[in-house]
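What follows is a short report on a single structure.
These figures come from a predicted structure and were not determined experimentally.
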Amino acid sequence: MYLKFALDIVLLIAALAFIIGLRQQSSPDTARRGNLISGLGMGLAIIAVLFGPLQGAVNNYGWIAGGLIAGSIIGYYAAIKVKMTAMPQFVSLFNGFGGACAVLLGTIELYRASAGITSPGVGELLIICFTLLFGSVAFTGSMLAYAKLDGIVNDAKITLPRHQLINTFLLILTCAISIYISAVEGDISLLFVGTFLVISLIYGFSFVAPIGGADMPVVISLLNSFTGLTSAAAGLIYGSQIMLLGGILVGAAGTILTVMMCNAMNRSLLNVIIGGFGSTAKSGAAAAGSQGPIKEISLPDAAILLYYSKSVVIVPGYGLAVAQAQKDCRELDEQLEENGVSVKYAIHPVAGRMPGHMNVLLAEADVPYPKLLDLDESNPVFPQTDVVIVVGANDVVNPAAQTEPGSPIYGMPVLEVWKAKHVIVMKRGMSKGYAGVENPLFFHERSKMLFGDAKETMQKLVKEVKAL
Amino acid sequence: MYLKFALDIVLLIAALAFIIGLRQQSSPDTARRGNLISGLGMGLAIIAVLFGPLQGAVNNYGWIAGGLIAGSIIGYYAAIKVKMTAMPQFVSLFNGFGGACAVLLGTIELYRASAGITSPGVGELLIICFTLLFGSVAFTGSMLAYAKLDGIVNDAKITLPRHQLINTFLLILTCAISIYISAVEGDISLLFVGTFLVISLIYGFSFVAPIGGADMPVVISLLNSFTGLTSAAAGLIYGSQIMLLGGILVGAAGTILTVMMCNAMNRSLLNVIIGGFGSTAKSGAAAAGSQGPIKEISLPDAAILLYYSKSVVIVPGYGLAVAQAQKDCRELDEQLEENGVSVKYAIHPVAGRMPGHMNVLLAEADVPYPKLLDLDESNPVFPQTDVVIVVGANDVVNPAAQTEPGSPIYGMPVLEVWKAKHVIVMKRGMSKGYAGVENPLFFHERSKMLFGDAKETMQKLVKEVKAL
Amino acid sequence: MEVFVQFYETNQLLIWLLFFTVILGFEVISKVPTVLHTPLMSGANAISGIVVLGAILLLRQSEPDDYLTLIVGTLGAVLAMINVVGGYAVTDRMFEMFKKKKQR
Amino acid sequence: MEVFVQFYETNQLLIWLLFFTVILGFEVISKVPTVLHTPLMSGANAISGIVVLGAILLLRQSEPDDYLTLIVGTLGAVLAMINVVGGYAVTDRMFEMFKKKKQR
Amino acid sequence: MILGFLKETHDRRVAIVPQMVPKFQSLKCDILLEFGAGESSGYPDASYGDAIKTASRNDVIAHSDLISCINKPDESLLNAIPSGKHMISSFESYMDDQIVGVLRQRGIHAFSMDMIPRTTLAQTMDVLSSMASIAGYKAVIKAADHLVKYFPMMITAAGSIKPARILIIGAGVAGLQAVATARRLGAIVEVFDTRSAVKQEVQSLGARFVEVEGAKEDAAAGGYAVQQSEEYLRRQRELIQEKARAAHVIITTAQVRGKKAPMIIPKETVEHMQPGSVIVDIASSTGGNCELTKDKQTIVHHGVTIIGDSDLADTMPQDASFLYCNNLLNFLKLVVKDGSISPDKENEIIKSAWITM
Amino acid sequence: MILGFLKETHDRRVAIVPQMVPKFQSLKCDILLEFGAGESSGYPDASYGDAIKTASRNDVIAHSDLISCINKPDESLLNAIPSGKHMISSFESYMDDQIVGVLRQRGIHAFSMDMIPRTTLAQTMDVLSSMASIAGYKAVIKAADHLVKYFPMMITAAGSIKPARILIIGAGVAGLQAVATARRLGAIVEVFDTRSAVKQEVQSLGARFVEVEGAKEDAAAGGYAVQQSEEYLRRQRELIQEKARAAHVIITTAQVRGKKAPMIIPKETVEHMQPGSVIVDIASSTGGNCELTKDKQTIVHHGVTIIGDSDLADTMPQDASFLYCNNLLNFLKLVVKDGSISPDKENEIIKSAWITM
Ligand SMILES: NC(=O)c1ccc[n+]([C@@H]2O[C@H](COP(=O)([O-])OP(=O)(O)OC[C@H]3O[C@@H](n4cnc5c(N)ncnc54)[C@H](OP(=O)(O)O)[C@@H]3O)[C@@H](O)[C@H]2O)c1
Ligand SMILES: NC(=O)c1ccc[n+]([C@@H]2O[C@H](COP(=O)([O-])OP(=O)(O)OC[C@H]3O[C@@H](n4cnc5c(N)ncnc54)[C@H](OP(=O)(O)O)[C@@H]3O)[C@@H](O)[C@H]2O)c1
Ligand SMILES: NC(=O)c1ccc[n+]([C@@H]2O[C@H](COP(=O)([O-])OP(=O)(O)OC[C@H]3O[C@@H](n4cnc5c(N)ncnc54)[C@H](O)[C@@H]3O)[C@@H](O)[C@H]2O)c1
Ligand SMILES: NC(=O)c1ccc[n+]([C@@H]2O[C@H](COP(=O)([O-])OP(=O)(O)OC[C@H]3O[C@@H](n4cnc5c(N)ncnc54)[C@H](O)[C@@H]3O)[C@@H](O)[C@H]2O)c1
C-alpha cells in the first residue's frame, strides 16, 4: 500500500514536472533546465507505471525492458548524430514514432475487441477509434513532413487536384467508421479493423500532402498536439491519469503553440492547412532566378544568431539610408553590446550615393568613430567575425567583383563579407544595386536573406533580441 | 439530480471564470472584461451554492437574502462614492470585511465545537483554527492598513520598541493555541475561544503596525492572499470545492503578486514586513524640508498618466543635457505619439547652460522643429495640457519668479507648467538649480516627483508605456 | 502516516486539483505589467470574497431558531458581500482608466 | 443524458482537472518569445511520447504467450521510447544554444 | 521721449530691427534712426516703415534723449554728445578705468550693457551672452572655412578622411556654443577650462573635458574665472602643447573679466602645429589667448592660420542685431517708465549697469 | 620611369602628398616634384622626405616621362612640353572641342582625369566625385560664413531664432554633400533636381525634395542630366522664384555635362530675396546657375551675396590633395605596368580617359 502511495506521489510529481518543465522552456534563460525537469518527470512516470500495482499484471518485464532500452538507444543516437540544421525534421520523425505507438495500441485494442478478447463499451470504443485515427494522422503526417523538410519529397508531386475535397471526404469516412465500430460495440471483422487502419494512415498522409514546405514547422506542431491528444485517449483506455493529463497538457500547449506560430507568420491556421504552399516561400523562390536557391532566415533565428555570437559587423549601404534605419541599427548595436557582443561597422568607400554618405548617417545615430572600419580595416576582420549583417548594401559586397572577370564591377575592391561565419542580408527584395549587376552573395551558402524594409526589420530584430 | 448536475456544471464554469477572469485582468486591453468575467463567476457560484442540494438544509433564505442584499448595497455604494485617489484604502477595507466574515465563521464553528454541537476531528479543528487566525490577521491588518493609507493613523505612534519580537511571540502563541485546540479535540471553554479570537485579532493589528505607509500596497496584497487562503480553509470546513479552489487561486495569485510588487520596488518581502518604514518614503521626506510634503509618483502610474492623456508637453532643462537623455526623451515622445497623444516641447530661453542648449540636444535626437515651442508659445498651451513632464529643469519652471518678490529670479518669465492638469518632475533629488533658489513647484499640489537619473528614468518609462 | 496515505488516496484528485490551481494562480499573474499591480490586487481581492459562500452554507444549515448562528452568519454574509460587490465595483472603476485606445 | 450526468458525477474531479490542465497548457506557453517556438515544440513533442506508458501497461497486462500483443506492445514501446529519448535529447541540443550569457 | 539709434562705425550691427519697433513704441518712445544704420544688417531704412524717423547723425544726437550705440563710443562721439543726455552702450568700464570719469565729467548719464549682471534673471538683457553665443558658432564656421581639411570623418572611394580634432579653450558661453557647433559638424571635440564646474556642462554637450588638476576656484567671482597660479598655468601649457600638436583647430575663448586674457598658446606651440591648422582667438580684444594673435587680423604663422577676432557677432549682423535689440528692449523696460527716463535706483541690474549713477 | 608633378599656378592643391609617396614608388616610378608644389597644401618640400627629388619647373618637364598637373594646362605650359611626353590632367575636353586636336598635334599623350567614366568601378579614380564632395561641403561652410544669421534654430533669452532655410539646386555629388552638411548645421533643407531618381537619394539624407513635374529622363546619358524642355524650365523657375524669397541660402550645383550650366536663378529672383541672403554657385565655371554669378568672384547684389566658385576644393587643399592623389594613384595603376607606361587599350576606363588615343 505504501508502494502505491509512494508511486502515486511520484506520478503527481511527474505531472507537476511536465507543467513546470514546459513553463521553464518558454523562457530562454531557464529553457534547458525546463527540458531536464520535464525529462525527469517522464522518467518518474515510466518508473511509477512500470512498478505500480496493476490489476491482472503479468509484467513481462523482459519484453518491456527490451523495448524501452532499444528505443532509448535508437532515439539517443539519432538525436546525437543529427545535424543542427536537420533538427526540425527529426522532431517530426520522433513525433511520428509516438503517433505510431498510439496506432499500434489502438489497433491491438480494436483487434482484441473484434476478436472478443475484451468487450469495451461504446464510450471506450469511441476512444479507441480516436486513438487509432489521431495516432495515424500524427504518424503518417509526421513522416511526410519529415520527408518534405528533408527534401526527399517535392511538394507539387504529391498534391492531387481538389485535394481538400479528398481530405474532407477521408475525414468524414474515418469518423463514420469510428462511429459504426462503437455503435456495433466492436462486433466487426478483423478485415474491417485493417481497412480502418489503412484509411486512417492514408488520411494522415493526405492531410499533410498539400501543405507547403515552408509551413512544415506549423504542421509539425499541430501533429504534435495530435500525438498529445492521442496519448490522452490512450490514457483513458489504460486508465492512466498521468497519460491523460500529460497528453492533454501537450495537446493544449501544442495547439496554442501552433496558433502562435501561425500568428508569427501573419497567417491563420486554416490558411496554412488548406492554403497549400506557403506564400513566403513562393516570393523568395520566384525572385531567385537562375542562380540557385536562396535561403531565408526568420527574425527569431536571426536574433538568436546575433545574440549568441561574439563579434558582429554591420555593413550599411544605400538601403540603410533609404529606410533611414540608422538609429534602429544603432539600437541593435547597443542591445548586442550590452550582451557582450562586439559590434563594428564596415564602411565601404562607395556605399550610399555620395562620398561619406554612411558617415553622415552613422554620425547622426551617434555611432562612435572608433567603431567604423574602412575597407582596408574591414577585410582582415571578416574571417574572425561570427555574423555580418548587410543592411541595404549590394554592390559593395558583391563577390563578382573578385570572381567574374566579365562583370562591370570586376576589379573593384569589395567587402569580403562571405568570409565571415554567417551573413545576414537585409533588403526588401532581390533587386539589383546601383551598378545593376546580379549579386552572387545572396546565393552564397553562408548567407541568409532577411527580407523587408530595413527600418522595420531592424526594429523587429531589436525587439526579438530584447526578448532573449 | 439534474439540478445538482446543472449546478455542478455552473460551479465548474464559475471556477473557470475566476481563472480566465484573473488571466484577462493581467493584460491592460482585456482587464475590464476579465473583471466582469470573474464577477459573473462569483454570481454563478453564489447561485449554485444558494440552490444546490445540501444535506440538512433548512435554508433560511430570508436571512441569507437580507445579508446578501444589504452587503451588496453597502459595497456598491461605497465603491461608487469613493474618490479615485482613495481606492487603494478601500480595497484594503473590503478585504478586511472578507477576513471578518472568515473570523465569524471560524468563531462560530469553534464555538459549536466547544459547546459540543459539532464534534470535528483533529484535522478539521486545525482548519477551523487556521480560518479564524488568518481571517483575523486579514481583518484587523486590513483595517489598520486602511487607516494608515487614509492618514488616520500615524506610523510612528503605533510601533512599539522590539515590535518584531512581539509579533513573533504572538505568532507562536496563536499557533500553539491552535494546536492545543485541535489536540484536545475542541474540548475547550467558551472563554478560551474568546481569548483565542482576541489574541488573533491583536496579532493582525500588530502584524501591520510596524510596516511603513509607503509599503501598504504590498501589505494589502499579502493580506488579500491571506483572505484567499482563509476562504479556501472555510471551503474545507463547509465541503465546498469552489470555495476551496477559488480561495487557493487567490491565495496563490495574491502571493505571487505580492512578490512581484516587492520586486518592482527592489525590495524583498521579508524586508517589507520587518523592515519598518519604507525607505523610499524616507528619502523624499527627509529632503522635503520646510516647504511641506512632496508627492512621488511611481513609474507605472506615470506611464498610465501619460498614456491616457491627450496632450503632453515636455520641458527639458539642464538635467536632460547632463543625463544625455535626449534620445530616450524622443523615444517616449514617439511612443506616445503612436498612441495618439500629442507631444510638444516647451523650451525656456535660458534652459541649459548656453543659449540654444536645448535646441542642440533636441536636434541631435531629431525632434522636428515644429514640435518646439518657445516661452511665448508655451505658456498659453499649459492650461490645455494634460501632463507636463519636467525633465531636469528647475529654475525655468520656478513659480517663485512670479510669486515671491524677494526671490533673486523674481520677475523672470518662466514656464507656467503648474497650470497643466498634472506635472511630473524628473530629477535625481531635491537639489537646487543654477540660480540656487528653492522651487515651490516641487511642493505644488499638481506636481509629482519621479526621482532618478533622467536617462534611466526615461528608459524605464518608455518600457512601461510600451507594456501598456 | 497511515492517515496521510488514506487521506491522499481518498482525495487524490482533489489534491492534484489543488496543486494545479496553485500553479494556475502563479501562472495567470506572472506576466502582469507593473501598471496593473494595484487593480489586479483589487480584482483578486474581490474573488477572495468567495468566503461569502461559507456564510451562505452556514446559514442554510443552521436551525431556524439558532439565532446566534443566524445572526453571526448573516453578519458574515453582509461583510463578505461588501467585499465581493465593493471589490468588483472598485476594480471596474480602476480598469475603466485602461479603456482600449482607439488608435491602436 | 443520464449517462452523461452519471459520468460527470463520478468523474467530476477528473473533469475539473482536465479543464484546469487545458488552461495550464495554454497559460504555460502563451508568452513564449518567437525564438523559442521550435525548441518548445520539440520539448512538447518529447512529452507526447508519454504514450509509451500505454505500451508498458499493455505489455504488463498481456498474457506471456500472447505473442501478437507482446510483439505489437514491444514495437510500440520502442517507437514511443524513440520519441521520448530522441525528443528530449534533441530539445536539449537546441536549448544548448541558449546558454545563459555571462554578462547578464 | 526720443530714443536715438546711431549707425555703428566699424560694425555691421544695428541696435534696432524693424520687427521690434512696435515693442519700443509701446514703451512710449519715439525713435530716431541714423540714416542707413541698418543697411549692413539687411535692414535698409525703408524696411523700418513710416513709424520711425530717420535723420543725420548730428540730428539724432541733438534730438534724442537717450542715445544708443552698440560699441564703446570713441572720443569724437563722446565729445559730440551734449551734457545731460542719456546713453546706452557697452562702455567696457571694467577694462577702462578712465571712462566713467570722462562720462561723469561730460555730464552723460551712461548705462553700460556689458555691466548687466550675469544672473539668471538678467539673461534677457545679457548682451555678453547673446553675442558670445554667436562668436562661438561663428568661430567654428570660420575655422572650418580656413582649415585645409574636412571636419567630419569621411570614408570615400578616394581614401578615408579622419575627423578633425578640435581643441576649445575656455567653456564660457562662446566656448560651449563652439563645442555644440563643432560636434554638429562631426569633429572630435576636446575642451579645456580652469573652472571645473564647467566639466559637467561640457559633457552635457557630448564633448570631452580635458582636466588640468589644481585649478583655483572662486565662487564669489560671480561666475567669472579667477586668475590662476603660475604652476597651474605651466602644467596647463604643457598639456596644451601636447594636445595642440594633435589638434587641427584651436578655438580660444578664455577670458578673465577686467584683466588681460591669459596667454595660453605660446608661439612655440603654434610652431609645432601641423601646417594648415587654424586657431581662432575670440579673446583677441583683451590680448588674446595665443601669443601670436593680432586683434582684428588673420595672420599665417608657420602655416598655421591665426584669426584674432573678438567681434565675430559683427559678421552675423542680422541675428546679432535682432538679439541685441531684444536685450536692449528688455533693459529699457527697467529704465523707461511711461515714456520718460526713470530708472529704479534700487534695482540690482540698474545699479550695476548705470555706471555713472 | 619618371613621374613629374608640377606646381599649380592658381590652385593650392598638389597632386601628390607625402604619405602616398611609397605607394607611387611601388609602381616603380621615380618622382620629380616642382619646388614648393605642396607648400600651400601644408606640405613643404621637406615633408616629402628624401625619397623623391625636387626640381625646377623646366627640369620637371624635361626629365619626366609622365607629367601630372591637376588643372587644365594653359597654352604656355602646353607649348613647353616636348612632343612624345605623357600627361595626366583634367583637360575639360567635353567643354573644349579644340584641346584634343591641339594635344594630338603637339604629340602629347594625354590622359584626362575628368573623362574617367562615372561607374561604380571607377569610383576610386573619380576626381569629379571627390572634388565635388568637397565643393558641396565647403559651399555650405562658406554660406554659413557669409549669411547674416544662424543656421540652427535657437531659443534664447534674447529671442527665438528660426532655423535658416536652404535651397539646394542640383543633387549630384556636390549637392548631396551640401544637403548633408546643411542638415548637420541644423538648417531646413529643400532640394531641387530635374532627375527624379535623386529624389530617393535626397530623402535618404533626411531632406525634402521639391518636385517640378515633367522632367525629361534619359537613362542612357550615363547618369548625367539631360537638357530640359523650355516649358519645364519655366515651371521650375516659377517654383524657385517662390521658394527663393523664403530661402536664406541657395546653393546651386546644377550642371549639364558638356553644356553651359542651366540658368536657374534669374536676376529678378535674386532681387526678391531677403537682403543678407547668400547664393553659392558651384556651377559658375560653366556659366553659373544664377544670372548674376561672376565666376571666381563674390559679389553683392541688392544685399544678396553671390559667391561664384567652382573650385572650392582648392580652399581645402590638404584633404583635396590627399583625395586627388589617391584618385591619381588608382588611375596610374591602369596606366603604368612594371615601371613603364603601357595602358591597356581594351580597358573601358582607359578608353574614356586616354583622349588622344
Ligand atoms: N558613394 C558614392 O559616392 C556613390 C555615388 C553614386 C553612386 N554610387 C554607387 O552606389 C552603389 C552603392 O552600393 P550600396 O551597396 O551602398 O547600395 P546598392 O548597391 O545601390 O544597393 C542598395 C540596396 O539596398 C536595398 N534597399 C533599398 N531600399 C531599401 C530599404 N528601404 N530597406 C532595405 N533595403 C533597401 C536595395 O535592394 P532592394 O530593393 O531589394 O531592397 C538595393 O539592392 C555603388 O554601386 C556605388 O558605386 C555611389
Ligand atoms: N541658457 C544659458 O545660456 C545659461 C547659461 C548659464 C547658466 N544658465 C542658468 O541655468 C539655469 C537653467 O535652468 P534649468 O531649469 O535648465 O536647469 P537648472 O535650474 O540648473 O536645474 C537643473 C536640474 O536638473 C537636475 N539634474 C541634473 N542632472 C540630472 C540628471 N542626470 N538627471 C535628472 N536630473 C538632473 C538637477 O536636480 P537634481 O540634482 O536634483 O537632479 C537640477 O535641479 C538657469 O538658472 C539659467 O539662468 C543658463
Ligand atoms: N545665469 C545665466 O543664465 C548665465 C548666462 C550666461 C553666462 N552666465 C555665466 O557667466 C559667466 C561668464 O560667462 P562668459 O561666457 O562671459 O565667460 P568669459 O568669456 O568671461 O570666460 C570664458 C571662459 O574662459 C574660462 N577661462 C578663464 N581663464 C582661463 C584659463 N586660463 N584657461 C582656460 N580657461 C579659462 C572661464 O572659466 C570661462 O569659462 C559664466 O559663469 C556663465 O555661466 C550665466
Ligand atoms: N557610380 C558611382 O559610384 C558614382 C559616384 C559619383 C557620381 N556618380 C554619378 O555621376 C553622375 C554625375 O554626378 P555629378 O555630381 O558630377 O553631377 P553634375 O555635377 O553633372 O550635376 C549635378 C546635378 O545637377 C542636376 N541638374 C542638371 N540640370 C539641372 C537643372 N536644370 N535643374 C536642376 N538640377 C539640374 C543633375 O541632375 C545632377 O544631379 C550622377 O548620376 C551620379 O550619381 C556615380
TODO: Name the region of C:Ile23, side chain, backbone, both or neither, that has any atom closer than 4.5 Å to a heavy atom of chain B.
DONE: neither

Open item on the list: Which atoms of B:Tyr77 are under 4.5 Å from chain C, going by heavy atoms: the side chain, the backbone, both sets, or neither?
Closed with: neither

TODO: Name the region of C:Ala46, side chain, backbone, both or neither, that has any atom closer than 4.5 Å to a heavy atom of chain B.
DONE: backbone

Task: Segment of B:Gln55 engaging chain C (4.5 angstrom heavy-atom cut-off) - done: backbone

Task: Residue part contacting chain B, namely of C:Asn11, when any heavy atom lies under 4.5 Å - done: neither

Task: Which atoms of C:Val22 approach chain B - backbone, side chain, both or neither, heavy atom under 4.5 Å - done: both

TODO: State, yes or no, whether a side-chain contact exists between B:Leu11 and B:Gln241 at a heavy-atom distance under 4.5 Å.
DONE: no

Open item on the list: Tell me if a side-chain donor or acceptor on B:Asn60 pairs with a main-chain N or O of C:Ser62 at a distance below 3.5 Å.
Closed with: yes

- [ ] Using non-hydrogen atoms and a 4.5 Å limit, figure out which bit of C:Ser42 sits close to chain B: side chain, backbone, both or neither.
- [x] both

- [ ] Run the numbers on B:Thr227 and C:Ser48 for side chain to side chain donor-acceptor pair (under 3.5 Å), then give the verdict.
- [x] CA-CA 6 Å; B:Thr227 312; C:Ser48 75; 4.6 Å; no

Open item on the list: If you take the centroid of each ring, where Trp contributes its six-membered ring, are B:Tyr61 and B:Phe51 closer together than 6.0 Å?
Closed with: yes

Open item on the list: For B:Asp301, is there any backbone N or O sitting under 3.5 Å from a side-chain donor or acceptor partner on B:Ser298?
Closed with: yes

